Protein chains: 2
Amino acid sequence: MEPNVYDRKCGSRQVLDRIGDRWSVLVVLTLADGVKRYGDLARRIDGISQKMLTQTLRGLERDGLLTREVHASVPPRVDYALTDLGRSLLDLVSGLEVWATSHLAEVEAARARYDAR
Amino acid sequence: MEPNVYDRKCGSRQVLDRIGDRWSVLVVLTLADGVKRYGDLARRIDGISQKMLTQTLRGLERDGLLTREVHASVPPRVDYALTDLGRSLLDLVSGLEVWATSHLAEVEAARARYDAR
DNA sequence: CAGCATCCTTGGCGATACTG
DNA sequence: CAGTATCGCCAAGGATGCTG
């Protein structure tokens with residue numbers, strides 16, 4: 001039978017949580033244009049803490065959305081890149097980004113209207 | 001200038017948070033096929049508490065994604081429906097649902113592989 | 001550079017009880 | 001039926017300090 005996101009015990013619900021996660025979305029978006037180092041990601045994603053970045057990267061790696069490649073060099077260098085599975089999510093998450101930016105004005109207008117009542 | 005989701009102070013970041021929110025996604029999805037009453041939503045979305053349902057509905061109403069219509073009857077009846085803005089989000093959120101269900105197996109396989117290392 | 005470990009706080013969220 | 005109000009917890013997440 002089909003997985004059902006409305007069922008809290010269904011794994012698809014957890015998957016939905018992960019791909020909807022604020023930090024996950026931003027990490028995947030940042031990796032859209034290719035391989036990035038840890039520091040690149042940290043610098044690009046404003047407001048993310050080291051802890052959350054590491055945690056998000058591990059979660060995405062565990063779920064098969066990105067790869068983590070450690071280069072034995074001094075200083076250390078770790079590259080992150082989307083897998084095929086991760087890339088299959090790109091249209092969706094960039095769609096979210098586009099929606100958020102392109103409808104921001106409407107949302108803010110709606111808020112102003114709501115708060116003024 | 002364009003809103004930028006990478007900037008934590010940009011409103012588009014908050015919008016992204018809202019439309020990515022687990023409960024928001026499920027509420028919008030549930031309203032995809034038309035008007036629903038409070039109880040319908042509560043019953044459909046497994047695991048949501050009254051508090052979170054109300055809170056999510058208020059947030060979505062405030063942001064202009066759905067309308068709340070109170071009917072003065074006994075017993076009370078409150079209808080929720082997507083606005084045009086909310087409907088503009090439908091393709092995206094149902095895309096998320098489809099992705100979550102259709103890639104669930106791959107994600108679980110990746111997890112098993114990761115955990116077995 | 002790329003983390004890991006630890007402490008600590010906040011507020012998200014559930015549970016419960018009550019109401020128009 | 002569709003909420004509001006209150007309490008209480010615990011886990012998400014930030015800040016700091018340390019390391020291979």
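In the text below, chain A, chain B and the rest are named by the order of the sequence lines, each starting its count at 1. What you see is a predicted model; the values in this text were computed from it and never measured.
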Main-chain N/O of [Y] paired with [X] side-chain donor or acceptor, under 3.5 Å:
X	Y	result
R13(A)	D46(B)	yes
T83(A)	G64(A)	yes
N4(A)	Y6(A)	yes

What integer distance in Å separates [X]:[atom1] from [N]:[atom2]?
X	N	atom1	atom2	result
L53(A)	dA15(D)	CG	C1'	16 Å
L57(A)	dC4(C)	CG	P	10 Å
H71(A)	dC1(C)	NE2	C1'	13 Å
Y80(B)	dA2(D)	OH	C1'	8 Å
E69(B)	dC1(D)	CD	C1'	16 Å
Q55(B)	dT4(D)	CD	P	11 Å
K36(B)	dC1(D)	NZ	C1'	17 Å
I48(A)	dA2(C)	CD1	P	14 Å

query: dG3(C) phosphate, OP1 or OP2: any side-chain N/O from R68(A) under 4.0 angstrom?
result: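 R68(A) to dG3(C) OP1/OP2: side-chain N or O found under 4.0 Å.
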Consider the side chain of [X], meaning its heavy atoms from C-beta on, and name the nucleotide among [options] that approaches it most closely.
X	options	value
M52(B)	dG14(D), dC1(D), dG14(C)	dG14(C)
Q50(A)	dT6(C), dG3(C), dC1(C)	dG3(C)
R37(B)	dG14(D), dC13(C), dA2(D)	dA2(D)
Y38(A)	dA2(C), dG20(C), dC4(C)	dA2(C)
P76(B)	dG14(D), dA2(D), dG20(C)	dG20(C)

- prompt: Looking at R77(B), R68(B), Q50(B), which hits side chain to side chain contact (heavy atoms under 4.5 Å, CB included) with Y38(B)?
  reply: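 For Y38(B), the side chain to side chain contact (heavy atoms under 4.5 Å, CB included) check succeeds only for Q50(B).
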query: In terms of the nearest nucleotide of DNA chain D, which residue is placed more toward the 5' end: R22(A) or R43(B)?
result: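 Comparing both residues, the 5'-ward one is R43(B).
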message: Heavy-atom nearest nucleotide on DNA chain C for D21(B) versus K51(A): which residue maps closer to 5'?
response: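 That would be K51(A).
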- request: Identify whether any heavy atom of R58(A) sits under 4.0 Å from a base atom; if not, whether one sits that close to sugar-phosphate; answer base, sugar-phosphate or nothing.
  value: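 Sugar-phosphate, no base atom in range.
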Contact check, side chains of T67(A) and D79(A), non-hydrogen atoms, under 4.5 Å: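 No; the side chains remain at least 4.5 Å from each other.
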